[in-house]
Amino acid sequence: MSELLDFDEVIESFDPVLGLEVHVELGTESKMFDAAPNGFGDEPNTFVTPVSLGLPGSLPVVNEKAVEYAIKIGLALNCEIAEYCRFARKNYFYPDLTKNYQISQYDEPIAYDGYLDVELDDGTVHRIEIERAHMEEDAGKNTHVGGTGRIQGAKYSLVDYNRAGVPLVEIVTRPIEGTKERAAEVAAAYVRTLRDIFRALGVSEARMERGNVRADVNVSLRENPDAPFGTRTETKNVNSFTAISAAVEYEMRRQAAILKSGGTITQETRHFHEEDGTTSSGREKSDAEDYRYFPEPDLVPLSPSREWVEELRASLPEMPAARRKRLQGEWGFADLEMRDVINAGAIDIIEETVHAGASPAAARKWWMGELARYANEQGQALADLPATPADIAELDGLVQEGKLNDKLARQALDGTLAGEGSPAQVAAKRGLEIISDDSALESAVDEALAANPDIVEKIKGGKVQAAGAIVGAVMKATRGQADAGRVREIIMERCQ
């Protein structure tokens, strides 16, 4: 492991500058330039055509839906949409691109000059300037067998071309300044905000564990905010929020230690290691001229009409940040309550529960309480639990109608989670509903009073708080099914 400087000392001595390049795989039915299926998880090398494999004589054709998705992303990021743009060939050799080049966009991207406001956990908003969002094709997947799983030291390598040609949009920021000690937090929050936007737009499943969204994380240090930018490193293909944050912090500490000792930073790509949160050297970073970009001769330029762009702008859904603010106002949640809901990924399921008839407070209580604990114990996501939003709305209705109290409701929920049916069905099967029949309650109260004459005397003597002991005895005798409020009323009537 490289020598690291204490993080507090890094902040005292240096000013970090970030740059993020986020790739999102688009959820089209076919690939970017051919009719091969765009899928995940099938047998290797089954989603391929001559175009995917770069065979001689095969010609690319642009996927119109991918262009539509790219424009939607650009609009959501407050970008200008180009009236004219074109594809280029990015030339380099690697076995997962059989053509020896990647079709991308270089000097004329589909979207440019945008921004995204990113809200941190404490409500602070940091504006990220977007330089460009451009279309390109993904590469295949290499698997290096033996050794560390990387090409160095591997016994042999396998290539799966199913992913080759999958449509991508790459979003490139301008240098992100002014983050100081919150640099790692800002980077992770930015990618999380993008992920939420992709899902809201419906342009990608945006599952980071599948590589649908991944980030190249650029980090450099300078002595102060007025100094020139330092030499940057680029940590490639980081695909979790935790990893993005860890990669930023590690690179800040590693670079600071080198600079403090009088060394220099090498401009290079680096690999992130999930197991210990470190990065390691990859290769010296190529500049744009090293890729020998030139216009793609097999594709005509694109010129999206302004009418089409405006139609797409009008079709955009409510953006996640605006939706969260609207729902918080409608639900009456405090900032901390809403932040907990967002961090738990529970906003959608709570909204569905409210739409099914539950009060917002009850929906939050059940999903963030009993159900969150159960999900953690089972290692499941809230959305994958056996209990549905309709079940929780039904449970809340039973409580509001006075048929169940909280204790009985938890028992009904346990039954639902165990597969016994809806909360109402479980309550009926287990006989859980509150006893509200006066004759049954009076009988139970009379038995409890007869068994506790000393408490009766205390109540008659004016110590009305002593009635709690009788209420407890009745609740125990009825297995918690008595209406506690009505029980107390009967006790006070009997002890007048």
Side-chain angles (χ1 to χ4, degrees), residues 1-24 118 120-122 126 128 141-144 147-154 173 175-176 179-195 206-222 230-261 263-285 343-345 376 379 381:
M1 181 184 291
S2 302
E3 182 180 349
L4 304 178
L5 197 66
D6 181 77
F7 188 74
D8 289 340
E9 192 172 350
V10 176
I11 299 306
E12 289 175 6
S13 305
F14 298 99
D15 180 53
V17 178
L18 307 179
L20 290 158
E21 301 165 24
V22 176
H23 299 77
V24 54
V118 176
L120 306 183
D121 280 349
D122 64 356
H126 198 101
I128 308 295
K141 180 181 179 181
N142 296 307
T143 301
H144 306 297
T148 62
R150 299 203 177 275
I151 193 168
Q152 295 86 357
T173 69
I176 303 170
T179 59
K180 294 295 286 183
E181 72 277 0
R182 306 192 76 174
E185 183 183 359
V186 169
Y190 167 69
V191 180
R192 182 183 292 108
T193 304
L194 283 178
R195 189 275 312 268
R207 295 179 62 172
M208 297 188 74
E209 74 279 7
R210 288 187 175 182
N212 295 151
V213 178
R214 51 193 189 266
D216 298 339
V217 181
N218 294 267
V219 178
S220 67
L221 299 178
R222 57 186 176 182
T231 301
R232 64 186 172 88
T233 62
E234 181 182 10
T235 305
K236 301 288 286 184
N237 294 324
V238 189
N239 67 343
S240 77
F241 306 131
T242 300
I244 290 166
S245 178
V248 170
E249 184 168 331
Y250 182 85
E251 274 301 291
M252 287 173 62
R253 296 179 65 194
R254 186 189 69 85
Q255 292 182 26
I258 293 172
L259 294 172
K260 274 284 190 179
S261 65
T264 58
I265 305 301
T266 300
Q267 181 173 316
E268 62 181 354
T269 63
R270 296 184 67 84
H271 303 296
F272 180 77
H273 303 283
E274 291 277 358
E275 61 274 13
D276 59 6
T278 65
T279 69
S280 62
S281 181
R283 59 179 173 82
E284 289 196 16
K285 175 64 177 172
N343 291 340
N376 288 335

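These numbers were taken from a predicted model, which means no experiment stands behind them.
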Quick one: are Thr235 and Tyr250 in side-chain contact, heavy atoms under 4.5 Å? no
Could you state the interatomic distance from NE2 (His126) to OH (Tyr190), rounded to the nearest 0.5 Å? 11.5 Å
Minimal non-hydrogen separation, Ala188 against Ile244, with atom names: N-CG2, 3.9 Å
If we ignore hydrogens and angles and just use 3.5 Å, is the side chain of Gln255 paired with the main-chain N or O of Val219 as donor and acceptor? yes
Using every non-hydrogen atom in the two residues, find where Glu274 and Ser240 come nearest and quote the distance to one decimal. OE2-OG, 4.0 Å
List the atom pairs, with distances to 0.1 Å, where a side-chain N or O of residues 210-217 and a protein N or O form a donor-acceptor pair under 3.5 Å, not counting sequence neighbours.
residue	atom	partner	partner atom	Å
Arg210	NH1	Glu205	OE1	3.4
Asn212	OD1	Arg207	N	3.1
Asn212	ND2	Glu25	OE1	3.0
Arg214	NH1	Gly211	O	2.7
Arg214	NH2	Asp138	OD1	2.7
Arg214	NH2	Asp138	OD2	2.9
Asp216	OD1	Asn237	N	2.9
Asp216	OD2	Lys236	NZ	3.2

Run the side chain to side chain contact (heavy atoms under 4.5 Å, CB included) check on Asp121 and Asn343 step by step: do they pass? CA-CA 9 Å; Asp121 280 349; Asn343 291 340; 3.9 Å; yes
Could you state the interatomic distance from CE (Met252) to OG (Ser220), rounded to the nearest 0.5 Å? 10.5 Å
Quick one: pull up OG1 in Thr179 and CG in Leu18 and give me the separation to the nearest 0.5 Å. 4.5 Å
Taking side chain as C-beta onward, heavy atoms only, is Leu221 less than 4.5 Å from Leu259? yes
Smallest separation among heavy atoms of Lys180 and Ile11, with atom names: NZ-O, 3.3 Å
What is the distance from atom NE2 of His271 to atom OG1 of Thr279, rounded to the nearest 0.5 Å? 10.0 Å
Distance, nearest 0.5 Å, that separates CD of Glu9 from CZ of Phe14: 8.5 Å
Got a sec, which pairs hit salt bridge (Lys or Arg N to Asp or Glu O under 4.0 Å) with one end in residues 237-260, sequence neighbours left out? Glu251-Arg254, Glu251-Arg270
Would you check if the side chain of Thr173 reaches a backbone N or O of Leu20 as a donor-acceptor pair within less than 3.5 Å? yes
Can you tell me if Ser261 uses its side chain to pair, donor with acceptor, with the backbone of Ile258 under 3.5 Å? yes
Looking at residues at least two apart in the chain, or sitting in another chain, which of them share a side-chain contact (heavy atoms from CB on, under 4.5 Å) with Asp8? Asp6
Taking every heavy atom of Ser281 against every heavy atom of Glu268, the minimum-distance pair comes out as OG-OE1, 2.6 Å
